[in-house]
Protein chains: 4
Amino acid sequence: MVETERLISVIGAGAPTDEQEEHARQVGVLLAARGWGLVCGGLGGVMNAAARGCAESGGLTVGILPGHSRREANPWCKVVIPTGLGQARNLLVVMAGHGAIAIGGGAGTLSEIGHALKMGRPVVGLGSWHIEGMHQAHEPEDAVATMLRMVE
Amino acid sequence: MVETERLISVIGAGAPTDEQEEHARQVGVLLAARGWGLVCGGLGGVMNAAARGCAESGGLTVGILPGHSRREANPWCKVVIPTGLGQARNLLVVMAGHGAIAIGGGAGTLSEIGHALKMGRPVVGLGSWHIEGMHQAHEPEDAVATMLRMVE
Amino acid sequence: MVETERLISVIGAGAPTDEQEEHARQVGVLLAARGWGLVCGGLGGVMNAAARGCAESGGLTVGILPGHSRREANPWCKVVIPTGLGQARNLLVVMAGHGAIAIGGGAGTLSEIGHALKMGRPVVGLGSWHIEGMHQAHEPEDAVATMLRMVE
Amino acid sequence: MVETERLISVIGAGAPTDEQEEHARQVGVLLAARGWGLVCGGLGGVMNAAARGCAESGGLTVGILPGHSRREANPWCKVVIPTGLGQARNLLVVMAGHGAIAIGGGAGTLSEIGHALKMGRPVVGLGSWHIEGMHQAHEPEDAVATMLRMVE
């Protein structure tokens, strides 16, 4: 038997502010430091920054892509899952994690928050949507600590 | 050539209040009266009531099911599309319409609103979520009129 | 209650021979004559010809598209379901029918035959793949008669 | 940057013969020995045996599940991707690999072979379907050598 990698979904803006990008990187670093891997949508912005932070700190990174070419993935995904499913891959990103941390983000992130809440996955927002049922954090440390308290 | 049926997505609560159910039925009636068909998730509550209103007024009704058995459909869907895709069918429901009217609803409906906004589909809420980018209506007449003004 | 439209999936070559195209058209005509609707992948070739035959004979036609724009549909689909799911829509095409008739076709059609057989849907081939579990026909009349004998 | 894990899809019987199971295990071992990871459908039979062989030899194993619970996965998957997509996950299994090795298998495996060929992925059969466009092998060593010759 192998120990299955435990993953947190990091979702959010494809075109983030500098602060969101730095928050995403730190969330990735902190997840890796706590022994968690990361799953994201595999593209740029928050996805790239969070994957980079996690990978650089030795965490496993998974990118689930909307298109069918693995070449679309950002360079920080160890495991790349192309899907060709377009937006429907959003559901897979949140289903693959034990919970989701949202950093910024627009309507696509909102669809992911909806799917995560529907599945009963805990969701923590960091400068993202304020939706009933989500938890809110102000710093990457809060976000990761709040999430891991719920899933560990 | 045949004229393609024009459809509006009606999304919302599977377990609605009496008012939501009546609103859904009226939305269905009004869509049919204006020459539009309806697409929904094919199950109960708002989906059933809206499909009933539309079908009883002569409109075409399409139900896109999460499961793989067409027997799960409510009895008011003329065209039943089982998918076996689970929650991922939410995306298909909003993609099949020219716009979406949301009546009540929880996290599943939220995922549909997110997907619809992401695709640039107009979304009108009727006692549902208040999300930036949505239009809000207070009565079925407003909801349908607001929607059709945007898509016709 | 409305009577749910009964559908047969017609699958096959996007770039058919003249004979395959004519076979597809006739299959569509015969399905409509027997009171059945048709569901297909919504694009060209066999899909277009079969939908045309069915629609011109008064049958209901449904096209389930791989892309997210309903403008990709051939002009003979009364109900158009864009999915954005790429090849994954192949599964939906065969799931939506009570059985599938395959006319010519390559690897995409093969994936549909596999999905149909896995779901226990009857599959009739007309100049298409020869796969264990499929029925074979030589003319459109045989194909439709063989199919409807199994699903009616 | 991290080096993306290179994966081969191993597909086939959920209820294999003893020989198929042993072939699957050996294919997993050989892939790991050559520096490749493995992606499979995450369940039992060929999927379990191949993942076991690969994981026990130090290779990365990915299981893409049809259901939405990661508890359905066999115990040899390091990365578990639940999808809730039912049969549509078959497409994802073959899309995630650089090529697919089929060991035994029925209609579900046939759908995967169709999808793989449609995407231009090389497919090697080992006691599985004989489909035009597939390569055939008689032993695990042949299967892996034939595959890696095409994808390396």
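Reminder, nothing fancy here: chain letters follow the sequence lines and each chain counts from 1.
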Response to the item:
Heavy atoms of D:Pro82 and A:Leu92 approach each other most closely as O-CD2, 4.4 Å
Practice prompt. Could you check if a side-chain atom of A:Val39 sits within less than 4.5 angstrom of a side-chain atom of D:Val79, using non-hydrogen atoms only?
Written response: no
All donor-acceptor atom pairs under 3.5 Å, backbone and side chain, chain D-chain A:
{"residue": "D:Val2", "atom": "N", "partner": "A:Pro75", "partner atom": "O", "Å": "3.0"}
{"residue": "D:Glu3", "atom": "O", "partner": "A:Lys78", "partner atom": "NZ", "Å": "3.4"}
{"residue": "D:Thr4", "atom": "OG1", "partner": "A:Cys77", "partner atom": "O", "Å": "3.2"}
{"residue": "D:Glu5", "atom": "N", "partner": "A:Lys78", "partner atom": "O", "Å": "2.7"}
{"residue": "D:Arg70", "atom": "NH1", "partner": "A:His98", "partner atom": "NE2", "Å": "3.4"}
{"residue": "D:Arg70", "atom": "NH2", "partner": "A:Gly97", "partner atom": "O", "Å": "3.1"}
{"residue": "D:Pro75", "atom": "O", "partner": "A:Val2", "partner atom": "N", "Å": "3.0"}
{"residue": "D:Cys77", "atom": "O", "partner": "A:Thr4", "partner atom": "OG1", "Å": "3.3"}
{"residue": "D:Lys78", "atom": "O", "partner": "A:Glu5", "partner atom": "N", "Å": "2.7"}
{"residue": "D:Lys78", "atom": "NZ", "partner": "A:Glu3", "partner atom": "O", "Å": "3.4"}
{"residue": "D:Gly97", "atom": "O", "partner": "A:Arg70", "partner atom": "NH2", "Å": "3.1"}
{"residue": "D:His98", "atom": "NE2", "partner": "A:Arg70", "partner atom": "NH1", "Å": "3.3"}

Item to complete: Considering only heavy atoms and a distance below 4.5 Å, find which of A:Ala55, A:Gly63, A:Cys77 pairs most often with chain D.
Response: A:Cys77
Worksheet entry | Counterpart residues, side chain to side chain contact (heavy atoms under 4.5 Å, CB included), relative to D:Ala88 (two or more places apart) | B:Leu85, C:Leu91, D:Leu85
Worksheet entry | From A:Ile81 atom CD1 to D:Ile64 atom CD1, the distance as rounded to the nearest 0.5 Å |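 Reported value, rounded in 0.5 Å steps: 4.5 Å.
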Worksheet item: Checking heavy atoms, do the side chain of D:Leu60, its backbone, both or neither come under 4.5 Å from chain A?
Response: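 Side chain only.
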